[in-house]
Chemist: 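Take a look at the following structure, please.
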Amino acid sequence: MAKWTLKTEFTFDAAHFIKDYAGPCGRVHGHTYRVRMEAAAPKLHSSEYCPHEVMVADFRTLRWAKRDVEKGGLDHCLLNDVMPEGYETTAEMIAKFIYDKTCQDLPDGVTLKVCVSETPDSWVEYEEDA
Ligand SMILES: Nc1nc2c(c(=O)[nH]1)N=C([C@H](O)[C@H](O)COP(=O)(O)OP(=O)(O)OP(=O)(O)O)CN2
Ligand SMILES: [Zn+2]
């Protein structure tokens, strides 16, 4: 089936520590996180900002995490304070958190993949089976 795949990429700066980690990652430190998002759909949709069915999903819906924490994003926060109970601040769980929160605002039928990297050398991808 034909489909569109929308891709976008952004960074945010945040501090974190991994609870009970035996080593430096257990102490508060910071990263410039790089996030890549891919949203795919076989049809186009309207958005909160555009009434016409012309987009897979609005880029603004995908890029919320780059906003300042005081405006609902993750930029310049301590992730341990911002992420809800049940999510640890590993790249794996940050990717799932961004995935879960973004999915709440996506039109039905849009599939999502979220990639998070803490450093240029390491990254994780999260997606769910259709
Ligand atoms: N599977 C995961 N392993 C680790 C994660 C993670 O999110 N998922 N996170 C960390 C730490 O947050 C840490 O900041 C990463 O540190 P490190 O691996 O040391 O990264 P560097 O690029 O600085 O590594 P060097 O090899 O020292 O250059 C740890 N593990
Ligand atoms: Zn870290």
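Ligands are counted one by one from 1 in listed order, and the atoms in each one are counted from 1 as well.
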Chemist: To the nearest 0.5 Å, what is the distance between CG on L79 and CD1 on I94?
Modeler: 5.0 Å
Chemist: Is there side-chain contact between L74 and F97, with at least one heavy-atom pair below 4.5 Å?
Modeler: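 A side-chain contact under 4.5 Å exists here.
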Chemist: Below 2.8 Å, which protein N, O or S atoms neighbour the Zn ion (ligand 2), ignoring water?
Modeler: H16 NE2, H29 NE2, H31 NE2
Chemist: Taking salt bridge (Lys or Arg N to Asp or Glu O under 4.0 Å) as the test, write out the residues that go with D13, two or more places apart.
Modeler: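 If we apply the salt bridge (Lys or Arg N to Asp or Glu O under 4.0 Å) test to D13, skipping adjacent residues, there are no hits.
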Chemist: Between M93 and E88, which heavy-atom pair has the shortest distance, and what is it?
Modeler: CB-O, 3.0 Å
Chemist: Got a sec, which hydrophobics cluster with I18, joining ILVMFWY side chains under 4.5 Å apart, including via others?
Modeler: Y21
Chemist: With side chain to side chain contact (heavy atoms under 4.5 Å, CB included) as the test, would you mind laying out the steps for Y99 and V116 before giving the verdict?
Modeler: CA-CA 10 Å; Y99 178 99; V116 171; over 6 Å; no
Chemist: Report the relative orientation of the aromatic rings in Y33 and H31; use parallel for angles under 30°, tilted for 30 to 60°, perpendicular for over 60°.
Modeler: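 Geometry flag for H31 against Y33: perpendicular rings.
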Chemist: Give the protein residues with at least one non-hydrogen atom closer than 4.0 Å to an atom of ligand 1, ordered by chain and number.
Modeler: H16, I18, Y21, C25, H29, H31, T90, A91, E92, E118, T119
Chemist: How close do L106 and A57 get, heavy atom to heavy atom, and via which atoms?
Modeler: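 So the minimum-distance heavy-atom pair works out to CD2-CB, 3.5 Å.
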Chemist: Please check this pair: side chain of R63 against backbone of E9, looking for a donor-acceptor N/O pair closer than 3.5 Å.
Modeler: yes
